[in-house]
Amino acid sequence: MTDALIALVALPLTAALLALLLPRIATALVIFSGLAITASAIALLYGVNTAGALHYELGGWTAGLGIALRADGLSAILLLMIALVMFAASVYASAYFGKASERAQFWPLWLLLWTALNALLLSGDLFNLYVTLELLGLSAVALAALSGKHAAVQAALRYLLVGLLGSMLFLVGVALLYAGYATLDLATLTQVVKPGPIAWSALTLMTLGLLLKTALFPLHFWLPPAHGSAPAPVSAVLSALVVKAAFYLVLRLWLDVFADIVTPTAANLLGVLGAGAVLWGSWQALRAERLKLLAAYSTVAQLGYLFLFFPLLLALPPGPARDVATGGLVMLALTHGFAKAGLFLAIGIVQQRSGHDNIQELGGMVQRLPLTTFAIALAGVALIGLPPSGTFLGKWQLISAAIATGQWLWVAVTAIGSLLAAAYIFRILGHAFGNQPYPHQAVAVAREEWPALLLTLTATLVLGLAGAHVWTLLENGS
Amino acid sequence: MNSATSLPLLVILSSLLPGLVIFFLPEGSHRLRTTLNLAGAFVKIFLVGVLIWGVFHGQSYETRWALAPGLDLVLHADKLSLLFVSLSSVLWLVTTIYAIGYLETSPHRSRFFGFFSLCVSATVGLALAGNLFTFVIFYELLTLATYPLVAHRGTPEAIRGARIYLTYTLSGGMLLLIGTVWLYAIVGQTSFVEGGVLSGLSSEYHTQLILIFALLIAGLGVKAALVPLHGWLPEAMVAPAPVSALLHAVAVVKAGAFGIVRVVYDVYGVTFASELGVLMALGIAAGITIVYGSVKALFQDSLKKRLAYSTVSQVSYIALGTAILGPIGTIGGIVHLVHQGIMKITLFFAAGNYAETLGIHKVSEMNGVGRRMPGTTLAFSIAALGMIGIPPVAGFISKWYLGLGAVEAGMAGWVLPVLILSSLLNAGYFLPILYRAWFRTPAAVWPDEHIPAARFETHGALLWPPIITAVLALAAGLFAAAPYSPLEWASLIAQREYGL
Amino acid sequence: MNAAMLLLIWLLPLLLAALSGQRYARWLTVIAVLPALIAALTVPIGTTVSLPWLLLGVELGLDKTGRLFLLFSSLLWLAASLFAIGSPKGNIDSTRFRVFFLLAMAGNLGLIVAQDMLSFYLGFTLMGLAAYGLVAHPASLRARRAARRYLAWTIAGELILFSAIVILAQQSGGLSFQMLKTTTPSDLVVLLLIVGFGIKLALPGLHLWLPQAYAVAPAPAVAVLSGAMIKAGLLGWLRFLPPGDAALIGWGEVLMVVGVIGIFFGAINGLLQRHPRLLLGYSSISKMGVLTLGIGAAWAWPAAAPALISALVIYAAHHALVKGALFLGLGLVERGGLRPWIWAGLGFLALALAGAPLTSGALAKSMLTTSLPDQAHSLLTVLGVAAFTTVALMARLLYLLWQQPAKPVAPHAMLSMLAWLLLLALIALVPFTQADASQLFSGGVALLLGLIAAALVVQNKQRLPELAKAQGRSPKARRYLRARWHRIVLLMRAMQTRSRTLGSTRRVIENSMHDALQPGQQLQSKKGTDSWPLIGSLWLGIGALLLGALMMMT
């Protein structure tokens, strides 16, 4: 099983290098390596599910010096999501980028991003995490600027600055910890960390850096322009995966490493910020004039839900109740990953065919592209949190935990957020039934439509109906 | 998987799968689509028949599928669910035939029939739901599946109507969700059990339980169109006639009412609900709705809107029956679930026929229509008389049991006047229509006549469905005491509920 | 076989209603009524049929009361059917009329054989609603209004009955009429039933639907409405509130008061009418008052109840046939104009209704009076006066017909005339098969007095210059005068006027000769007909005198 661990990092990295060297076969390379990575992710998941958390030291060096790879249920399941979303987006991108020159620029960066994502999830010590975070940020910025348009470059630059700031904050925190405890290995840190100024300030700094990267309200200002102006497959991955990676780190830090020193007040603060994100993001999405902006603001809102879990998790005693709630959190993150990626891909099709993504003028186009519209609708179902999507189960756990711990505010926020989500989703879908004339012939390409459709189907049907496995996996893989 | 665990699922799939296939059919393949639709409908009726046979012979059917820890998707066939399932599958067949005739030439037929099948699948799932969690899932799915049907025409009004519909139903769904989660937080996962599951809880929970009840009923009340949550119903009238028929008779409105029945009987338990005092509140809400809906209906000139307000009023009979403590009131409420469905679908079919054949949309245009379309008008008349509660049409049986139950429960003081007033108002808005249709001389030209006089007064696929359902409505009343009648069935359910 | 007949009674009209659009459907109405007639004659009393699967369990059966009801109802329906067939094409010979006619027939005959509350209610409702179609049949504004009013009252009645039945079913624990015999109904139920059936019986205050409905509906429809259907209210009381319960004693007294009011209310109003149909309608109200009085007596004196009920049913039968025949006769007049032989026939009917010796009226009335208990002798007085008012009404009717011969609109159809004559023959013959001589000769006094009074009054209709002046004033004043209560005020005033002129016998005779010689003059003179209210008031004056005389006699 450790082979799978290594493969998940090595495969995309090798492919990235090869793609740089051999741009002509890059597309085929990406598809094949994508298949291989997916297979590895599945293998890893299987391994974690049967044998529990995995640990592997690269080259045999012990923790502290060498690179240690580790995977538990949470990371394994996120890795599989990454693999699937990236693979689908790759298939999509192969049709989306019409020119060979575009593809030649795109594939190496794309694979690098994939490498960074996988490595981040597999890293077991803080320094490696910092490195992968930095790598992830840089490749993401490069991808976001890929279109070369003025707006895109501007947004990407802002993205870069924010990303660097976030990384710096994170790095300072790492340094503080190293100074205090002389170790960067997460597992070791978990045991030695004690409440005190070092731990508190380190946690604050690292969290702040990560919140910047994950674009939690009110630090989300950079996200909508960056996600809104990147090419569709890039937006998809940025929204679905990259911000999630930073969130994953926050989760790890708060729930594992610093579990003993986080206070309910701090968690409540995160919850309040999350609530702000839900309401503000949804409201902005409702007012957005462009489809991609709508989707980007929706990401801000959806991330907010994830942060609502923090005060709840801390209020629940460790044990089955908390595990069930954590499962709900993971479920939300997963569903959002699939759904948002599918949504951006679908929006990309609409945008490309009609030349714009102005919501008011899309009536005929969405009718021209029934499968794409269907994908948008499915993604919408998941974003609103209607059954049978995974979000429904996640929100159920969210509300359930909130009621169980008596925190009614989060129930209200979730309810209002969901209704706002419904409002902005059906703003788009309403167009699908109008009698507007079709603007011009638009033929959809299967390679573009199906990835979007399958991703959203995964979010709405597979995750919803097979959701129980997520919980068992988390339990088995801890 | 043996039949005991797969049959409930198969009942849902029998409409779901054809629906999914239909989505991908090209517009032109009329015959294949029709075949699929009808095949699905007949298979469903057959499967439901098997279910009924099995359940009446003591067989237990349950499909269980874990979605999350403590959250199982349970499809369970009991007598109450079968009552609703058989109603929806039979009416689905009739409505499908009608819709095929109705939409013969309109665009987007594949989309329409796809969602149509989804809608019925959701309804059947809702009927078979074995716990509140499953119920909520199908309740929301129903909302999703009906939205495209309401918006189907694509006109700005249709889109607006659909949006209003969605706003109401999703908000209601959210309340229902919160209420359900809250309930689960208190008692954990519970199945629907006759007699309820909550009566054992200590009294410290009672306040919470009352609040939960309010949330659940508010959530369900949106679909059941309890005043003041009924605002979407008249707006959703922009939908094509078969959709309105389905919405009012089987799917949406009925789903809300069915949910109320489930919550009161199989979650709270009617005795416990009565002890909590929530039953009285429900009854009063139902009473207000009954009168309000009828009064509003009086002032509508648009035929469909008049029928819509009539639905507002009539569906609350079910809630009223639920709120009456005692087996007889229960029978009245449950049996009206079926009776209202058959009668209302007839009315909507007829209204659709007038609109489609003669372009009549308003009551004031209906002068003498009985002479031009005797079959349709006869069906309409039977159903309308049933709505008023004239024997021997089915509506009378419901009214009779509601009245008798109210007297038995000592609630006659206000229930009987409500029933009488509602009947009077029903007479007030239905009889003038009948008078116009049968006794006034017809206009020289109909507003928009476009089916030339053929063998029948209109297309056969449009004419027979209302006639069939009208005959059913008559038969359900006339043979109410016969075995396997809806009444008999409702009595069995009530007996189980009260442990008789 | 007998059971099948009980089913066919209501099933056949229903089935035939479905066929009434066919080409040879004219005779359907006659065929439909035959099972009822045959059943009434052949099915033994005590036959029951139980159909537990129908509705909520239907019980049918024939008892003594039911049999007589069935007999007279089916005879009347038969006559009306035949009459209708003879009507000119296109008017009531239409599919729609036949459908409603058959439905009403099914309801009426069905409720007679019903032995449980719901079947009775079903028949009652079917009859009531189907009759709407008969009233609304003429396509006139007036018919529309009358029908709407009829429907409103009918629906109100149904709903009141529904409430009563629901409560009664709960109290008795079942639906069968058998169970009601041992159930003590609550006061609310009794009140609801009195009002509910009272609407059908047109009790004073609940009668508002009746006059206009009778005025507009086609003749055969009015015949069955006034003859057969109106009696359903009586049967309802008998079935739902069987006498013998102590709880009913107080209500019996109430009902007797209502009955007395009804008798005089109907009579006074009838005398004030100018239209023969309206007059007959009010006469029905008056007669229903007699029946109400009888039921009240039966409730109040349970010991006398069995005899009273038989008498009441006989009375109802007599009234049904005679009133039905009167309306059919009116129908003939309206269609083909007044012929002497029709007038004679109507005269005979009027005598019968007034209870002249040797007619069914005499039989019915004597049965009623003899079955009253001893305590009820004051009622005898009332009935005597009632008989007198009937005489007055009938005299007025014949006079009106004489005065206003309807313009012929169509030649007389043989079949209609035949139907009418057969009915007449039946009415003439029936008393001789049933009664003994003493019963047939009762009631002569009232008739005699009435006839004398009639002769007096008919002449004096033009003696009221002041009224003529009032009528000639502005339209507003005229409208004011037409207000019914105002007429009553006028009556009072007229009584004073009249008392001055009564003595002048010479002038009376003079005038009578004048009128007899120049009947046509009255037609041209609007004043002559308009002055009627005052003459009606005269009747009342005489009535009061007679009442006093009778009281002294007894």
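Lettering of chains follows the sequences in order, A, B, ..., and the numbering in each one begins at 1.
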A.B. asks: Minimum heavy-atom separation for B:L144 and A:P387, please, with both atom names.
C.D. replies: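 That closest heavy-atom pairing would be CD1-O, 4.2 Å.
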A.B. asks: Among B:L141, B:L73, B:L67, which one satisfies side chain to side chain contact (heavy atoms under 4.5 Å, CB included) with A:P388?
C.D. replies: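 When B:L141, B:L73, B:L67 are each tested with A:P388, the side chain to side chain contact (heavy atoms under 4.5 Å, CB included) holds only for B:L141.
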A.B. asks: Which answer fits A:F392, side chain, backbone, both or neither, if we ask what part of it has an atom under 4.5 Å from a heavy atom of chain B?
C.D. replies: side chain
A.B. asks: Measuring from atom OG1 of B:T167 to atom CG of A:L419, what distance do you get when rounded to the nearest 0.5 angstrom?
C.D. replies: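 With rounding to 0.5 Å, OG1 (B:T167) is 9.0 Å from CG (A:L419).
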A.B. asks: Of the backbone (N, CA, C, O) and the side chain (C-beta and beyond), which part of A:W471 lies under 4.5 Å from a heavy atom of chain B, both, or neither?
C.D. replies: side chain
A.B. asks: Using heavy-atom distances under 4.5 Å, tell me whether B:F23 contacts chain A through its side chain, its backbone, both, or neither.
C.D. replies: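 When you check distances to chain A, no heavy atom of B:F23 falls under 4.5 Å.
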A.B. asks: If you round to the nearest 0.5 Å, how far is CG of B:L71 from CD of A:Q397?
C.D. replies: 5.5 Å
A.B. asks: Could you tell me the separation between the OG1 atom of A:T414 and the CE atom of B:M174, rounded to the nearest 0.5 Å?
C.D. replies: 8.0 Å
A.B. asks: Name the region of A:V470, side chain, backbone, both or neither, that has any atom closer than 4.5 Å to a heavy atom of chain B.
C.D. replies: neither
A.B. asks: Atom OH of B:Y184 and atom CD1 of A:I399: how far apart are they, to the nearest 0.5 Å?
C.D. replies: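 So the OH of B:Y184 and the CD1 of A:I399 are separated by 13.5 Å.
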A.B. asks: To the closest 0.5 Å, what do you measure between CG (A:L386) and CG (B:L177)?
C.D. replies: 9.5 Å
A.B. asks: Give the member of A:L371, A:L463, A:I403, A:D323 that has the highest number of heavy-atom pairs under 4.5 Å with chain B.
C.D. replies: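 The candidate making the most pairs under 4.5 Å is A:I403.
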A.B. asks: Relative to chain A, which segment of B:I137 carries a heavy atom at a distance below 4.5 Å: side chain, backbone, both, or neither?
C.D. replies: both
A.B. asks: Any idea which heavy atoms bring A:A468 and B:A66 closest together, and the distance?
C.D. replies: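 It is CB-O, 3.4 Å.
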A.B. asks: I'd like to check the side-chain hydrogen bond (donor to acceptor under 3.5 Å, both in side chains) partners of B:E204; sequence neighbours left out, ordered by chain and number.
C.D. replies: B:S202
A.B. asks: Determine the option with the most heavy-atom pairs under 4.5 angstrom with chain B, choosing from A:S400, A:A415, A:A423.
C.D. replies: A:A415
A.B. asks: For a side chain to side chain contact (heavy atoms under 4.5 Å, CB included) check, start with the C-alpha distance between A:F433 and B:R111, then their side-chain angles and the critical distance, and finish with the verdict.
C.D. replies: CA-CA 10 Å; A:F433 299 97; B:R111 182 180 83 189; 3.4 Å; yes
A.B. asks: Select one option (side chain, backbone, both, neither) describing which atoms of B:A162 are under 4.5 Å from chain A's heavy atoms.
C.D. replies: neither
A.B. asks: Most heavy-atom pairs under 4.5 angstrom with chain A, which of B:P148, B:S171, B:A185?
C.D. replies: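 Among the listed options, the one with the most contacts to chain A is B:P148.
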A.B. asks: Determine the minimum heavy-atom distance between B:Y147 and A:G430, stating which atoms define it.
C.D. replies: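 Minimum heavy-atom separation between B:Y147 and A:G430: OH-CA, 3.4 Å.
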A.B. asks: Which heavy-atom pair separates B:W65 from A:L465 by the least distance, and what is that distance?
C.D. replies: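 That closest heavy-atom pairing would be NE1-O, 2.5 Å.
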A.B. asks: For A:W408, look at atom CH2 and say whether over 12 heavy atoms of other residues, nucleotides or ligands are found less than 6.0 Å away.
C.D. replies: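 Yes, the 6.0 Å shell around CH2 holds more than 12 heavy atoms from other groups.
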A.B. asks: Are B:W182 and A:V411 packed together at the side-chain level, in the sense that at least one heavy-atom pair is separated by less than 4.5 angstrom?
C.D. replies: no
A.B. asks: Counting only non-hydrogen atoms closer than 4.5 Å, does B:I159 touch chain A with its backbone (N, CA, C, O), its side chain (CB onward), both, or neither?
C.D. replies: side chain
